[in-house]
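Counting starts at 1 for both ligands and their atoms, in listed order.
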Amino acid sequence: MKSILITGGAGFIGSHVVRLFVTKYPEYKIVNLDALTYAGNLENLKDIDHSPNYYFEKVNILDAEAITEVFIKHAITDVIHLAAESHVDRSIISPLDFVYTNIIGTVNLLNTARHQWKADYSSHLFYHISTDEVYGALGDTGLFTETTPYHPNSPYSASKASSDHFVRAYAETYHMKTVVSNCSNNYGPFHFPEKLIPLFINNIITKKPLPVYGDGLYTRDWLFVKDHALAIDLIFHQGKADETYNIGGFNEWRNIDLVKLLCTLMDEKLGRVKGESEALITYVKDRPGHDRRYAIDASKINKELGWKPTVTFEEGLSQTIDWYLENTEWLNNITSGAYAKYYESMYTNR
Ligand code: NAD
Ligand code: TYD
């Protein structure tokens with residue numbers, strides 16, 4: 001029987017992965033290991049937390065001893081590793097937090113897996129979830145493929161790149177079975193409102209300025225989070241050992257165009273006059289080291305595993321806005337606490 005450790009399961013993407021695995025595979029034991037940092041929220045899982053195959057362990061991946069105890073207690077057979085510090089702007093303010101969790105935390109997990117699984121590495125998988133940001137920035141053309149050289153530009157992407165290298169090194173050195181996937185920007189329900197889409201949804205609801213960095217012509221490739229979770233399911237079960245898979249939405253948007261679309265949809269849904277939300281757009285000082293463009297070539301996962309996004313951007317964005325409008329309590333609980341202080345220090349005087 002599989003007993004899968006999902007790290008970071010109380011976060012944005014992790015909660016969707018936990019929900020998918022708990023409901024789709026009742027025969028698996030799913031152990032969510034999460035330190036519940038500012039980004040972790042068990043409310044994200046309240047619909048499934050009574051499921052008989054779901055377990056939660058509040059553990060920090062910097063605590064090697066506690067990780068070992070969880071491996072032994074639950075006889076962990078496989079790992080899907082999502083726990084991370086994930087916000088670029090926070091990495092610019094506190095790079096060391098990213099070094100600790102994303103690099104040292106990942107190596108702690110690898111070490112535990114290496115020791116606990118040493119009898120037979122071939123029957124255990126360490127699946128590391130990473131980002132397209134490790135490849136750096138693209139110009140006006142071109143796409144990131146699995147063989148694009150790593151060129152991280154932010155402390156966040158540098159820490160993720162380093163953790164990806166450690167996973168590969170453990171596969172080479174110790175012959176552990178691993179797989180890595182590098183995904184583009186996700187959006188959807190339970191997204192912490194420090195990232196572009198949920199932050200702007202919240203600011204439109206509360207009629208606050210929409211802080212667009214620099215000239216607003218930065219480009220991202222957006223994927224609905226549930227489609228990322230489906231890709232992770234497919235790679236976990238059918239991906240080839242020690243391979244990398246790029247996952248993307250085939251869906252590039254310049255920030256300013258995306259923000260205008262969001263404003264239009266929200267004016268309609270909130271019954272506001274057309275143009276009311278767009279008037280909130282405020283250009284602010286740019287993010288230092290801001291990557292101009294990310295875009296993923298997801299043809300390998302498409303050809304080899306048959307994956308493609310199931311939701312169009314317009315549908316996904318509309319569903320996401322509806323979710324935030326229906327879950328104002330979730331949003332208010334977050335935006336009223338320590339987050340309020342972060343927001344003030346991040347966006348005042350920019
Ligand atoms: P998130 O910030 O929403 O969630 C991270 C989770 O990890 C939280 O529940 C947090 O409590 C937990 N965590 C953080 N530090 C921890 C520690 N030291 N020990 C244990 N748990 C800890 O992040 P997310 O957006 O859901 O991203 C999940 C993963 O996917 C990350 O590895 C990220 O790099 C990767 N990724 C994210 C995106 C995106 O668009 N959000 C895109 C590609 C890849
Ligand atoms: P973000 O959601 O932080 O994701 P990432 O930096 O990992 O791509 O940002 C997405 C884009 O939106 C990025 O180009 C930065 C920009 N952005 C703003 O213009 N204003 C904001 O307040 C935020 C949070 C992001």
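- Of the protein's non-hydrogen atoms, the one nearest atom 10 (C) of ligand 2 is Leu196 CB, 3.9 Å.
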Please test His151 against Phe144 for ring pair (Phe, Tyr, Trp, His ring centres under 6.0 Å), starting from the C-alpha separation and ending with a verdict. CA-CA 11 Å; His151 193 93; Phe144 296 134; over 10 Å; no
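- Shown are Asp291, Asp286, Asn255; of these, the side chain to side chain donor-acceptor pair (under 3.5 Å) with Tyr218 is made only by Asp286.
- Considering only non-hydrogen protein atoms, atom 8 (O) of ligand 2 sits nearest to Arg220 NE, 2.7 Å.
- Salt bridge present: Asp257 and Arg254 bring a charged side-chain N and a carboxylate O closer than 4.0 Å.
- The nearest protein atom to atom 3 (O) of ligand 1, hydrogens excluded, is given as Phe12 N, 3.0 Å; this is a heavy-atom distance.
- Asp34 OD2, 2.6 Å is the protein heavy atom nearest to atom 9 (O) of ligand 1.
- With hydrogens left out, the protein atom closest to atom 12 (O) of ligand 2 is Asn255 ND2, 3.4 Å, a heavy atom.
- Relative to atom 4 (O) of ligand 2, the option among Asn185, Thr282, Val88 with the closest non-hydrogen atom is Asn185.
- In this structure, Phe224 has its ring center no closer than 6.0 Å to that of Phe313.
- Ligand 1 has no nitrogen or oxygen under 3.5 angstrom from a nitrogen or oxygen of Asn41.
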side-chain hydrogen bond (donor to acceptor under 3.5 Å, both in side chains) assessment of Thr178 paired with His128: CA-CA 8 Å; Thr178 67; His128 179 61; over 6 Å; no
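- Looking from atom 1 (P) of ligand 1 to the surrounding protein, the closest heavy atom is Ser86 OG, 3.6 Å.
- Summary of contacts: the protein heavy atom closest to atom 28 (C) of ligand 1 is Leu82 O, 3.5 Å.
- Ligand 1 has Val59 within reach: a non-hydrogen atom of the residue lies less than 4.0 Å from it.
- At a 4.0 Å heavy-atom cut-off, ligand 2 touches Leu199 through the side chain alone.
- Using a non-hydrogen distance threshold of 4.0 Å, Tyr156 registers as a contact of ligand 1.
- Evaluated by nearest non-hydrogen atom to atom 19 (N) of ligand 1, the leading choice among Ile61, Thr7, Asn108 is Ile61.
- When hydrogens are left out, the protein atom nearest atom 7 (O) of ligand 2 is Glu133 OE2, 2.5 Å; that is the closest non-hydrogen contact.
- Comparing Gly11, Cys183, Ala66, Ala10 by heavy-atom distance to atom 4 (O) of ligand 1, the nearest is Gly11.
- Here the heavy atom of the protein found nearest to atom 6 (O) of ligand 2 is Arg287 NH1, 2.5 Å.
- Between Trp117 and His124, the ring planes are parallel. Angles under 30° get that label, and only those over 60° would be called perpendicular.
- Protein heavy atom at the shortest distance from atom 15 (C) of ligand 2 is His290 NE2, 3.4 Å.
- Side-chain contact between Tyr121 and Met176 is present, with at least one heavy-atom pair separated by less than 4.5 Å.
- When all heavy atoms of Asn32 and Gly8 are compared, the pair lying nearest together is OD1-C, 4.3 Å.
- The protein non-hydrogen atom at the shortest distance from atom 22 (O) of ligand 2 is Tyr347 OH, 2.7 Å.
- Atom 18 (N) of ligand 1 has its closest protein heavy atom at Asn60 OD1, 2.8 Å.
- Among the atoms of Pro211, some N or O lies under 3.5 angstrom from an N or O of ligand 2.
- Contact annotation: the side chain of Phe200 never approaches that of Met266 to less than 4.5 Å [non-hydrogen atoms, C-beta and beyond].
- Under the 4.0 angstrom criterion for non-hydrogen atoms, Ser15 is not in contact with ligand 1.
- Of the protein's non-hydrogen atoms, Ser184 O, 3.3 Å is the one closest to atom 42 (C) of ligand 1.
- For Tyr150 and Tyr135, the gap between ring centers is short of 6.0 Å.
- With a 4.0 Å cut-off on non-hydrogen atoms, Lys160 touches ligand 1 through its side chain and not its backbone.
- Among Ala35, Gly8, Gly105, Ser181, the residue whose heavy atom lies closest to atom 21 (N) of ligand 1 is Ala35.
- Considering every non-hydrogen atom in both Pro189 and Val225, the closest pair reads CD-CG1, 4.4 Å.
- Taking the centre of each ring, His81 and Tyr127 stay at or above the 6.0 Å mark.
- For Trp323 and Phe190, the gap between ring centers is short of 6.0 Å.
- Contact of the His228 side chain with the Phe12 side chain is not registered, since no non-hydrogen atoms from C-beta on lie closer than 4.5 Å.
- At a 4.0 Å cut-off, at least one heavy atom of Ser130 sits close enough to ligand 1 to count as contact.
- For Leu33, no nitrogen or oxygen atom sits less than 3.5 Å from a nitrogen or oxygen atom of ligand 1, counting backbone and side chain alike.
- Contacts with ligand 1 closer than 4.0 Å are made by no heavy atom of Leu62, backbone or side chain.
- Scanning the protein heavy atoms around atom 19 (O) of ligand 2, the nearest turns out to be Tyr213 N, 2.9 Å.
- At the top of the distance list for atom 26 (O) of ligand 1, counting protein heavy atoms only, stands Ile13 N, 2.7 Å.
- For Tyr38 and Phe192, the ring centers are positioned less than 6.0 Å apart.
- Given atom 5 (C) of ligand 1, the protein heavy atom at minimum distance is Ala84 O, 3.4 Å.
- Atom numbering of ligand 1 starts at 1 in the shown order; those under 4.0 Å from a heavy atom of Ile129 are 30 (O), 32 (O).
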